[in-house]
Structures are given as C-alpha cells and as structure tokens.
Protein chains: 2
Amino acid sequence: MSRATVSRVVNGSPKVSPEIVAVVTAAIERLNYVPNRAARSLASRQTQAVALIVPEDITRFFGDPYFAAVVQGITQRLDESEYILNLLVASSDPTHKTMRYLRSGNLDGALVVSHHTRDKFLADVEAMIPLVFGGRPANDTGPNTYYVDVDNIAGAETGTQHLLDLGRTRLGSITGPIDMPAGIDRFTGFQLTLARAGLEADAVEHADFTALSAAAAMRRLLERRPDLDGLFVASDLMATGALAVLREQGYLVPDDIAIVAFDDSPAAIGASVPLTTISQPSAEMGFAMADMLLRLLAGETDVPHRNIMPTRLIQRDSA
Amino acid sequence: MSRATVSRVVNGSPKVSPEIVAVVTAAIERLNYVPNRAARSLASRQTQAVALIVPEDITRFFGDPYFAAVVQGITQRLDESEYILNLLVASSDPTHKTMRYLRSGNLDGALVVSHHTRDKFLADVEAMIPLVFGGRPANDTGPNTYYVDVDNIAGAETGTQHLLDLGRTRLGSITGPIDMPAGIDRFTGFQLTLARAGLEADAVEHADFTALSAAAAMRRLLERRPDLDGLFVASDLMATGALAVLREQGYLVPDDIAIVAFDDSPAAIGASVPLTTISQPSAEMGFAMADMLLRLLAGETDVPHRNIMPTRLIQRDSA
DNA sequence: TTGTAAGCGTTATCAA
DNA sequence: TTGATAACGCTTACAA
C-alpha cells in the first residue's frame, strides 16, 4: 500500500475503497500512528492552529471574568474543530518574537480580544491572515474586518435610562478607557440618555476596566459630587471597586446611590451588593468569534462581517 | 551564497565569517524574510513551542488571580526565549484532539498547573516530553518528575499558628479540594498545628478553590459551629466567599472571627476586609517553572527536580 | 569557512 | 481507485 493512499485515508478522502480504509484504519490504530504536524503543515500549507491575541497586560486579562467567559466560548467552539489555540499575550508594542511568529506562517487565523486604538500592529496581522475581533475594532474600515460585538451604546442607554426611571437625577458614570471602543460607546450611551433627559453629563471619571482604577475614579467622583444618587459603571468588575469605596465612605447602595453596571459576569452576582447590570452574552460571543473565524478558514465567502449580539437589563439589588 | 550558509546565519552558527553574516543579515532585513516554522521543525525535529496544560474548567482557571500571576511569570520567562506558548485547556478526560496534539510531535515540552489526582493522562505526556508541574504532582514518583512549589504544609502551619497566637481557640478551616496536593497539604498543616496545641480539628469543610464553593462551606461550618473564632481558608479567593457569608450573617471580621487565607493574590487586598494571608511568590513560581522547562529543553542534565519556594505571613486586617 | 546534497514526514500532481 | 514521484522550506552531515 502506498503512502499516498494512507494519506488519503487519514484525511478522509472519499475516493478510497472501503476495504482499504478499514485495513489502514486498523493499522493506524495498532501502530498508534499520529501524523507529524510539521510535515503536514509544510506540505499542505495549513497549520490547523489559530491564535488568541491579547494586546493587554496579562493580569488585567485574567482579572476580568468577562474574558474568562469569552475564552470559554472560544475553546468550546474550537474543541469541535481540529484547530488548536495559541495564546499570544502581546502588549501594544508586540515583541519582535511575537511578530516573527505571526509572520512565520504558523497560524491560519487569529482572534483578538481587548484591543486598543494604539494597537496598530493588528492591521499588519490582518493583511496576513484572517482576523476576528471581539468588540468593534478601533478602525472599522477594512474589507477584511470581521468582528462580534454587542450594541454598547444601546446597552448603556438602557442602563442609564433605568436609573432615570428610578427617579434618580444626579447621575454620574465611571467609564472604561477612552482608547477602547467598548469604553467609548458605553460612555456615549450614557451621554445620549442624559442629553435626552435634559441633564448634564459632567459627573464622569475615566478608568481602565480594573477594580482598582474604578475605586480611584469613585473617590474622585465623590469628591466633586458627594450628592450623586445614581451611577452607571462600564463593567461589573469596576463596579465592585466602586462599591468598596462607597461602603467605606458610608454610602448605602442602592438607597443613597443606585448603580447599574455592564457585563453580567460572575462578578455581578458575587458583588457585596448584587449588581443590576447590562447583560451581554460573553460566552456566546466567544463562540461566535471562533465560529466566524472557522468559516473564514473554511473558505466560505458569505461570512457576515459583523455579528451584533443583544444586551438586556438584569435587575438585581444595586438599582 | 548557498542556502546552507544562510541557514547558519539564521541560526547564529559561530562558524560563519563576519562579512557574510553582515551581508546575509542585511538581505534578510531587506527581504523581510522569516523562516518557515513548519519546515524548520521538520528538519530540526524541534518545534520551539511549549504548552500550558490546564486540566481544569476554564472559568475556574481564569477566575483565580493566583493563576493570573503564575501565567504572568511563565510568559515573562518565555518572552526571553524563542519559545511560544500553546494553551491546552484539557479537562481530566482530555479530548481525543488534545492527546493527538500532544503526540503529534508538536510540542517540545509542557507546563502543568492545577492538576488533580484524577489526571492520570499526564503520566503519558510525561513519557513523551519534558513536563514541569506547578505544584507537587499527585504522584511524585517518576525520575522525570519536575515541579515548582511552596511548602504548603509549613505555610498552613504558620497561618494556623498565627490564629492561635491571637488567642483564638475555636478554629475551623475551609480547605481546597482533597484531590489536589495543595488542598491536602494545607489541610494537613492546619491539622498538625491544632494537634500540637491539643485542639480538635473537626470544624472543617471542603471546597474547591472557588469563592462560591467556599461560601457554601462557610454556611455549613457556621451551622455546625456558630461559635467559631478563627478560620484558616486555603485560598484568598475562597476567603472572599467566606467573608460574604460572614457579613451576611452578621459576624464581624476579625472581631468575631479572625481569618487567615493563602496566596496573597490581588484578591487579598481587594477583599472587603483586607486579608491576612500566607504569601507565595506566584509570579516567581511561574517564572521558575518556565525556566526549569527551558533548561530541560536545552539539554541540561543537572536540573534539580524540585524547586520549593518560600512562603511568609502577610498581616492585614482579617487576623 | 563554505557548499553539496541528503533528508525530515507529509500532501498533491499526474499517470496508470 | 491506486501508486510514483515531486514538491514543501529548512537543517545538517559530509566534502571541499
């Protein structure tokens, strides 16, 4: 039997007689044969590997339960495929090594989460291999741009409106970083809603999606506006930071200050005051990202460029 | 110029004349040449890739800041090398795909974190490629077993003793899972210390290193022993879960119940009551793991099989 | 120090 | 449907 035939069996070619398939399969089983990936990649020009690019400090990445859910969704989809996942923790100034790896033809495609406007190296990557973003990319222009996201503006509007509906009138916000679309959009939703209500959106402090930065922001906010009665925070994790400061300063939540957060991650339930929050389907988003990439890799031509998933208000105790 | 010479330059062979090196380097730069990894692996029988095997639910893995620190240390060391990291999230029953990947010669070595006694597939992996464990492996027998750990027993003894020194006499413990060495050892340290003091170690509940499981354990404990005055919890994350229940039930920490935790992760500082905890150098441990593996891959023969790092008591507010 | 040439383990093309 | 045989892009003896 020629090795060409064996190769056909291994790759499930339809044009092999059933008997031969049986014999080869048995032999493979018996010999415990596993094809060498390097040889395979070399010959087929495919690697069966995709990367998860995280242009972020790893502590921050791991620290936010939102990412845990996204990665969970990604691995879940990938588990159904033959692709494996490479973790590339690349700061905004990716190491020489990372870029080399990206261009050494070692990846069929890549997923990007938590990217900032400053991450311009991603444009180069996009030119090399299919890329799918988690969250609208900072520069949503290219014809090769694919992403999964939620309507952050609408979500923030819903959250802010909920505060208004509760009768709160002195609203503030702790935003995400203004160099990330998710940070900007949620802030925009807050502003839009306040503008519609004829209110001033000036009780605002920026943070960077960490609990620590949010705590600092909360302190600054309280100093300027000790009479706040409502707060929209751009993520659950940040809300936990804000909550800690509020308790420390004797504010009661939701009595004194009502809080609406964003994500509906485990942090929302685990918070000292269970958080009313805008839910986004994080795991499903990860799943959808991987699915989109896989379709691209399969050569499908009708893959939609964006997949905007729904958000909804989850009411708990904080507002 | 022959391609052999180019290969030598690329691989930094010492036996190439400086002028040629210069010329080739310049050409590489100009042409933006990056060697093809697959071809390289095929010829050299090396992949320059190592895996991080996580035999754990991904949510749990991401949820614990301890792992964030370990991974941070790992990537930090790997960044100095030419190796890249593959993330293999393999439950205790690894998928066929995962095992295939492991045996397809695609990895030069692997790092393992958070493993349980039930993860017997790791023995097979260890027979194939160098393996370094984060935490003493469940079956520390093989001549190929390498790991980085802290002395969990001693750490737990220090923590428990601190509670005793505070004058607390009705001590309880929320342990880690008893199918993980870290869970077992910290529990042992607690028992040993109590035995030395002539105290009964029966106010104990097992949990699984998550905040949620610890909250449940705390409830069970309080039901049985409402008069507890000291608590040793096997991780910071679990302590936050316990803290929530204690507050909910009106206990004051540390007044009513003093708590000593373990890890000294960001969760310790961020807790509603900053935690007195046993610090372990998590990031350094990750760094040491990667370093150990790299030395093994470099063919060093005198690599010590175990690297036990120090713990120390960090006093904050909870005890 | 440099070049020649033989692999490395597959897939893919082309005949048969 | 099957089998030769040529790539795939690099490393590495071995020669020169």
Side-chain angles (χ1 to χ4, degrees), chain A residues 1-49 81-84 97 99-109 128-129 297-299, chain B residues 1-49 81-84 97 99-109 128-129 297-299:
Chain A
M1 193 156 316
S2 77
R3 80 188 157 192
T5 305
V6 174
S7 175
R8 288 186 193 105
V9 173
V10 168
N11 293 293
S13 161
K15 34 182 74 178
V16 184
S17 71
E19 305 119 41
I20 297 225
V21 171
V23 175
V24 174
T25 309
I28 287 178
E29 185 69 24
R30 184 160 40 79
L31 302 175
N32 230 297
Y33 166 80
V34 178
N36 177 300
R37 261 184 109 90
R40 212 174 209 192
S41 304
L42 188 54
S44 69
R45 318 182 127 283
Q46 294 219 337
T47 63
Q48 299 291 88
S81 77
E82 277 303 308
Y83 285 86
I84 65 105
K97 196 181 96 183
M99 282 314 279
R100 269 173 60 97
Y101 184 67
L102 248 20
R103 17 185 44 194
S104 70
N106 218 51
L107 256 18
D108 290 344
M128 302 189 285
I129 51 175
L297 295 180
Chain B
M1 193 157 317
S2 79
R3 109 188 134 192
T5 304
V6 173
S7 175
R8 290 189 191 101
V9 173
V10 167
N11 293 295
S13 161
K15 34 181 72 176
V16 183
S17 72
E19 307 118 39
I20 297 227
V21 171
V23 174
V24 173
T25 308
I28 286 179
E29 185 69 25
R30 184 161 41 80
L31 302 174
N32 231 297
Y33 167 80
V34 177
N36 176 300
R37 259 185 111 91
R40 214 176 206 190
S41 306
L42 189 54
S44 67
R45 321 184 126 280
Q46 295 218 340
T47 64
Q48 299 291 90
S81 78
E82 276 302 309
Y83 285 86
I84 64 107
K97 194 181 101 184
M99 282 315 278
R100 268 172 62 95
Y101 184 66
L102 247 20
R103 16 185 45 190
S104 69
N106 219 50
L107 257 17
D108 290 343
M128 302 188 286
I129 50 174
L297 294 180

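Scope of the values below: all heavy atoms of this structure, side chains included, with no hydrogens, waters or symmetry mates.
Counting to the nearest Å, the P atom of D/dG9 and the CG atom of B/Asn11 are 17 Å from each other. Atoms CG (A/Asn106) and C1' (D/dC8) sit 15 Å apart, rounded to a whole Å. The separation between B/Gln48 atom CD and D/dT11 atom P is 10 Å, rounded to whole Å.
The closest donor-acceptor contact from the side chain of B/Asp108 to the backbone of B/Gln46 lies at 3.5 Å or more, if one exists at all.
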In the 5'-to-3' direction, what one-character label does each nucleotide of nucleotides 2-9 of chain C receive under the scheme B = base within less than 4.0 Å of a protein heavy atom, S = sugar-phosphate only, - = no such atom?
BBB-BBBB
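Considering CZ of B/Arg37 and CZ of A/Arg103, their distance stands at 14.5 Å, rounded to 0.5 Å.
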Show me the donor-acceptor pairs within less than 3.5 Å that the side chains of residues 7-28 of chain B make with the rest of the protein, sequence neighbours left out.
unit_1, atom_1, unit_2, atom_2, d
B/Ser7, OG, B/Asn11, ND2, 3.4
B/Asn11, OD1, B/Arg40, NH2, 3.1
B/Asn11, ND2, B/Ser7, O, 2.8
B/Ser13, OG, B/Lys15, N, 3.3
B/Thr25, OG1, B/Val21, O, 2.5

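Side-chain contact check for A/Thr47 and A/Asn106: no donor-acceptor pair (N or O, by modelled atom type) lies under 3.5 Å.
In terms of heavy atoms, A/Pro35 sits closest to B/Ser104 at O-CB, 3.5 Å.
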